[in-house]
Amino acid sequence: MKVIVQQESFAPGQVIQTFQDALPRGKHGGVVSFVGTMRDFNDGEDVVSMTLEHYPGMTEKHIEQVCAEAAERWDIVDSLVVHRYGEMFPNDAIVLVAVWSAHRANAFDACRFIINYLKARAPFWKCETTTAGEKRWVEHNSKDPKAEVSDSE
Amino acid sequence: MKVIVQQESFAPGQVIQTFQDALPRGKHGGVVSFVGTMRDFNDGEDVVSMTLEHYPGMTEKHIEQVCAEAAERWDIVDSLVVHRYGEMFPNDAIVLVAVWSAHRANAFDACRFIINYLKARAPFWKCETTTAGEKRWVEHNSKDPKAEVSDSE
Amino acid sequence: MVNISIKYFASLRDRMGRADEALELDGDSATVSEVWAKVTDGQSIPDSTLISVNMEYTDADTVLKDGDELAFFPPVTGG
Amino acid sequence: MVNISIKYFASLRDRMGRADEALELDGDSATVSEVWAKVTDGQSIPDSTLISVNMEYTDADTVLKDGDELAFFPPVTGG
């Protein structure tokens, strides 16, 4: 289990491959991953960049909790989360969740669980800069971070 | 929707990135992918290489059918499948399924559907070569390729 | 006259000792199981054998038409 | 004497005009809502505000202990 919260941009495929090359051989049959990408519009306006603020320490702690919970609930080989903070640009990868398992059903379930709970619980806040130079906080619907979450929103 | 059945090895992350770079901008919020990897043991014996036989024409046709069905059932932006045939070696990627969508729930569901039906329907057969030089066909449990499938096996 | 082609894959090809063959059916038509009996000297199709006609899955009762591509193969193991 | 630190994030930091502060509580203890009233001249915590103490989510009735790190922030929007 590895959780990385970093400012630098990253190439999801490369990060997955490097992590996978270090896994014990022959134990996993596959990897399921989710990569979230920055869009270039939101609410009808063009967005030139986005700054992600986070709560250092609490962010890592909660993503690690979610990964540990996934490893308890499903039989998986390993998991990897990379999440950026700071300024980023359209089409940048924001978040990567990857889960390796012997049976793919577990990897699908665990990967989905991790990204859903990460989105509900990990303290990150998006602030967009529009082409008009306006900065605005992205406001989502209020959600209890302790509640059961889904990915239907 | 793109289906590639090829003999050459491929780097999943690179293939995903190249495909994604050509997608219309701003329509998808993320990509869910499954990558199946060749293991280096099976049934307790070390496997040095594997040869995947396929039914040219029928293989592509059935993977395309499965992708088209996924696109009907879920609101997705695009899907990509790469599947190898011929000789491959431990830790090689055998299959990649990637699905882009605006809402990640659809990408998870569609990706899982595609790999499950691909595994049940696409005419591929694995033949392993063990360290003892023995060649053997991998036999799975019999399954009706027309039935509803799951990923629990 | 009904002319068909037959393909065998994987372990079934090894068992048959050939990858494909052409067959001319005497009557107007024949089912898949009748064709199998013909190419194996009267045997019945082994359990779990999969059958396709013109690259679509089908069953042993399917009646073959002129020009059909019939295939027999074991359960698939891709992905 | 109870000394705590408070952090504000995102739109709530903009609104408070500060990112963090230290607070010495007069009595033996205070709840999160009492602390919020103290730093905002008697207001109540806005709807949908999230609260953490020592980096764990909690609610407004939590009683603070000496050395606690309290944080207020809007709904999270990562991932």
Side-chain angles (χ1 to χ4, degrees), chain A residues 10-21 23-42 44-47 77 90-91 93-116 118-119 149-153, chain B residues 10-21 23-42 44-47 77 90-91 93-116 118-119 149-153:
Chain A
F10 66 97
Q14 252 171 36
V15 172
I16 289 173
Q17 192 60 51
T18 303
F19 190 81
Q20 181 167 310
D21 289 344
L23 287 179
R25 302 207 143 198
K27 291 205 171 168
H28 68 88
V31 54
V32 172
S33 66
F34 171 80
V35 177
T37 303
M38 190 193 149
R39 303 197 198 194
D40 54 5
F41 68 87
N42 199 4
E45 277 205 80
D46 284 351
V47 176
V77 172
N91 300 305
I94 302 170
V95 60
L96 156 70
V97 177
V99 177
W100 288 261
S101 69
H103 299 285
R104 69 186 181 283
N106 292 326
F108 272 106
D109 285 339
C111 183
R112 196 163 179 163
F113 174 87
I114 293 171
I115 183 62
N116 288 351
L118 182 157
K119 283 200 172 237
V149 299
S150 85
D151 50 15
S152 57
E153 77 274 18
Chain B
F10 66 98
Q14 252 172 37
V15 172
I16 288 174
Q17 193 60 52
T18 303
F19 190 82
Q20 181 167 310
D21 289 344
L23 288 178
R25 301 209 143 196
K27 290 205 172 168
H28 68 88
V31 54
V32 171
S33 65
F34 171 80
V35 177
T37 302
M38 190 194 150
R39 302 197 197 193
D40 53 5
F41 70 88
N42 199 3
E45 276 204 82
D46 285 350
V47 175
V77 172
N91 301 304
I94 303 171
V95 60
L96 157 71
V97 177
V99 178
W100 287 261
S101 69
H103 299 284
R104 68 186 182 284
N106 292 325
F108 272 106
D109 285 339
C111 183
R112 196 163 179 162
F113 174 88
I114 292 171
I115 183 64
N116 288 351
L118 181 157
K119 283 199 172 236
V149 299
S150 85
D151 49 16
S152 58
E153 78 275 18

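If you tally non-hydrogen atom pairs under 4.5 Å between each of B/D109, B/D21, B/V95 and chain A, the highest count goes to B/D109.
At least one side-chain heavy atom of A/W100 sits less than 4.5 Å from a side-chain heavy atom of A/I16.
Listed by chain and number, the residues in a side-chain contact (heavy atoms from CB on, under 4.5 Å) with B/N106 are B/W74, B/D75, B/I76, B/S101, B/H103 (sequence neighbours excluded).
Between B/I94 and B/F10, the closest heavy-atom pair is O-CE2, 4.1 Å. Of all heavy-atom pairs spanning A/V77 and A/K27, the tightest one is CG2-O, 3.8 Å. The minimum heavy-atom distance linking A/C111 with A/V97 is given by the pair SG-O, 3.6 Å.
Considering CG of A/N116 and CZ of B/R104, their distance stands at 4.5 Å, rounded to 0.5 Å.
For residues 32-39 of chain A, the interface with chain B (any heavy-atom pair closer than 4.5 Å) comprises A/V32, A/S33, A/F34, A/V35, A/G36, A/T37, A/R39, sorted by residue number.
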